[in-house]
Amino acid sequence: MIMRSLAPNLRQNTSSRLNPNHLSNIIGNIKHSFYHQTFRTNFSSSSVTHFRQDISQTNYLIASHVRRGDPVSAWILFHSLRRARAVVDAYTFTSVLRACTLLHVSQLGIQVHAQMLKTGADSGTVAKTSLVDMYSKCGSLDEAVKVFDEMSQRDVVAWNALLSCFLRCDLPVEAVGVLRAMGRENVEVSEFTLCSALKCCASLRALELGRQVHGLVVCMGRDMVVLSTALIDFYSSVGCVDDALKVFCSLKGSKDDMIYNSLVSGCVRNRRYGEAFRVMGSVRPNAVALTSALVGCSENLDLWAGKQMHCVAVRQGFTRETQLCNALLDMYGKCGKVSHAQLLFDGICEKDVISWTCMIDAYGRNGRGPEAVLLFQEMRMRKEGRKVLPNSVTFLSVLSACGHSGLVEEGKKCFKLLREKYGLEPDPEHYACYIDILGRAGNIEGVWSAYHNMVEQGTRLTAGIWVALLNACSLNQDVERGELAAKHLLQLEPNKSSYIVLVSNFYAAIGRWDRVDELRSIMRSKGLLKEAGNSWIKVLGFNQHVRSLSV
DNA sequence: CTAGGGTTAG
């Protein structure tokens, strides 16, 4: 009972950034429920002996809690063992580490690691591999790499775990480095390795390399459903849907949901709607397939296809699935249909933080800042239903809504709330929005004081920050500091044409036409084109999506 | 007991 009531809280806090307050709450809750559990199931001294005799059975029990997806029970049981000073072994720890991973609370994992060090259970390859996995899944990449470095014996599983670390953190170049190291060390690759290699190729859009991996997959000839799914995903990401379809059609043997989902998603992302609908017609689409298809429609800004997906979702009776409704609502918001988004939002029974954030964003991106701010207010003040806390993405949506609609005071208030009321640390993106708001309001001193604030806090100075600063300087004719921002931006991203255009616009704004000409010739010499832009225009009362290309 | 494929917000 206690565990069940805990579960939603835990799930809600598995986002990438944990609020320290929430964290202590989680640990507090776990301790609290552990306390009750201990008394209710009374782990008496006879149970302790029982544990000691049957550690392998207890290990099995912990492992089955984890397998069932109930990490809280696993943790409670483990904690009871420790309190009873029962002898635990490496098997216990590996299961418990998986529980920590599912809870996504690295503090618990660190505790377990410490206990492993104390008992010497951390030395084996399997134990170290579980530690690598736990740290990387809890977001501590550095710790994961550290543990890997300490390993004296590394088998292919350990290497694969490290590979997954980098892929999880979206560091495909580093992942390729791991693959190279595996080659140097003559590690015999497994199908897991090939799977990760395909993921690397997909995110790097490395078509040729991926084709080579495809060759290895064929040679290996095992676990074809999983590897075929990865192949379909890879070919779709590099725009070769036909190859993806070939992989799918040539697959002998049984096909599961995932491979269908991957194919549907790939077809939609590449605007091959006909094939996508054909696949969905042959096998009943599940909610996941529709969700990923809707993301494709949003990316393509394709309202027509999105509406078709909506129809399919209604026919299949998925209208109560929050995740799917969120994807639908987001699609309508991105395609400019705020009222459709609103209808969907109102119909979601169990609104989560993503529902709220998508709706706020739908208002904001369609120039309806005041409604975005109002909805944010409503979210924060809501009494009925389960409390949903805004996270850093929610704040970003509100701030950007304020920026687009020139709501200076609301933006300032929101930025203050972020840290003071919700204990979140502003990301560079938050600062960029904030600087943008102040710059548009003509408050150039506020802009630079926000900048100094960032430097003091040690926030990363990203290209986005320099863009925001540069825009503010253009608007406010802040020549000197604008040149500084321009210099930093071009240093950070010398080959991005959109940034060169931005800098050139700054020089045009302050009347330095010599610099404008200079930048134009730089662009020409680098062979850079200005990327296509997207915009919505209203034609005969209909929103029309327009792509423009200028040189 | 450890590693792998499709799933919502920036």
Side-chain angles (χ1 to χ4, degrees), chain A residues 15-16 56 59-60 62-63 66-67 89-98 101 121 124-134 136-137 155-165 167-168 189-199 202 223-234 236 256-266 285-295 298 321-331 333-334 348 352-362 364-365 390-400 427-430 432-433 464:
Chain A
S15 58
S16 53
S56 65
N59 286 343
Y60 180 80
I62 294 179
V66 174
R67 255 198 310 276
D89 59 13
Y91 291 88
T92 324
F93 286 121
T94 44
S95 286
V96 171
L97 282 174
R98 274 207 51 177
T101 302
T125 304
V126 174
K128 283 234 189 319
T129 303
S130 344
L131 280 167
V132 169
D133 190 54
M134 182 277 294
S136 106
K137 283 183 180 156
D155 57 9
V156 64
V157 180
W159 282 100
N160 289 342
L162 184 72
L163 198 49
S164 305
C165 286
L167 284 173
R168 211 172 350 253
V189 301
S190 67
E191 52 266 51
F192 284 73
T193 321
L194 296 185
C195 232
S196 296
L198 283 170
K199 273 200 122 170
D223 234 335
M224 283 313 276
V225 198
V226 174
L227 280 167
S228 298
T229 309
L231 277 168
I232 289 171
D233 207 49
F234 157 70
S236 308
D256 60 9
D257 278 357
M258 279 196 197
I259 197 162
Y260 284 113
N261 294 348
S262 171
L263 190 65
V264 169
S265 158
N286 54 31
V288 175
L290 280 167
T291 306
S292 62
L294 278 162
V295 177
S298 304
E321 309 254 344
T322 300
Q323 216 170 318
L324 179 63
C325 290
N326 289 345
L328 264 170
L329 133 64
D330 189 52
M331 184 277 294
K334 289 206 170 96
I348 302 175
D352 60 12
V353 62
I354 298 180
S355 320
W356 289 92
T357 305
C358 287
M359 194 61 230
I360 290 170
D361 185 68
R365 74 167 59 238
N391 61 21
S392 70
V393 186
T394 318
F395 275 97
L396 209 56
S397 297
V398 181
L399 284 169
S400 112
D427 290 329
E429 293 83 358
H430 294 108
C433 278

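In what follows, every chain begins at residue 1, and chains take the letters A, B, ... in the order their sequences are listed. The structure displayed is predicted, hence computed values, not measured ones.
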Using a heavy-atom cut-off of 4.0 Å across all strands, would you classify [X] as base, sugar-phosphate, or nothing?
X: A:Asn286; result: base
X: A:Ser190; result: base
X: A:Thr291; result: sugar-phosphate
X: A:Lys128; result: nothing
X: A:Val225; result: base

Rounded distance (Å) that lies between atom [atom2] of [N] and atom [atom1] of [X]:
X: A:Glu191; N: B:dT2; atom1: CD; atom2: C1'; result: 15 Å
X: A:Leu324; N: B:dT7; atom1: CG; atom2: C1'; result: 10 Å
X: A:Ile354; N: B:dT8; atom1: CD1; atom2: C1'; result: 5 Å
X: A:Leu97; N: B:dA3; atom1: CG; atom2: P; result: 10 Å
X: A:Asp89; N: B:dT2; atom1: CG; atom2: C1'; result: 15 Å
X: A:Ile62; N: B:dT2; atom1: CD1; atom2: P; result: 13 Å
X: A:Ile259; N: B:dG6; atom1: CD1; atom2: P; result: 12 Å
X: A:Leu396; N: B:dG10; atom1: CG; atom2: P; result: 9 Å

From the list [options], which nucleotide is the closest neighbour of the side chain of [X]?
X: A:Lys334; options: B:dG4, B:dT2, B:dG10; answer: B:dG10
X: A:Tyr91; options: B:dG5, B:dC1, B:dA9; answer: B:dC1
X: A:Lys199; options: B:dG4, B:dG5, B:dA9; answer: B:dG5
X: A:Ser265; options: B:dT7, B:dA9, B:dA3; answer: B:dT7
X: A:Val288; options: B:dA3, B:dA9, B:dG6; answer: B:dG6
X: A:Gln323; options: B:dT7, B:dC1, B:dA3; answer: B:dT7
X: A:Asp361; options: B:dG10, B:dT7, B:dT8; answer: B:dG10

Qualifying residues under ring-ring contact (aromatic ring centres under 6.0 Å, His included), relative to A:Tyr260, sequence neighbours excluded: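 Expected list: A:Phe248.
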
Let me confirm one number: the CG-CD1 distance from A:Leu328 to A:Ile348, rounded to the nearest 0.5 Å.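 Going from the CG atom of A:Leu328 to the CD1 atom of A:Ile348 covers 8.5 Å.
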
How about A:Ser130 and A:Asp133: does a side-chain donor come under 3.5 Å of a side-chain acceptor?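 Distance-only check fails for A:Ser130 and A:Asp133.
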
Could you check whether any side-chain heavy atom of A:Asn261 comes within less than 4.5 Å of a side-chain heavy atom of A:Asn286, counting everything from C-beta outward?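 A:Asn261 vs A:Asn286: side chains touch.
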
Got a sec, which pairs hit salt bridge (Lys or Arg N to Asp or Glu O under 4.0 Å) with one end in residues 285-294 of chain A, sequence neighbours left out?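 Found none.
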
Look at the side chain of A:Asp256 against the base of B:dG6 and say whether a donor-acceptor pair falls under 3.5 Å; ignore hydrogens and angles.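 Answer is no: no donor-acceptor pair is held.
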
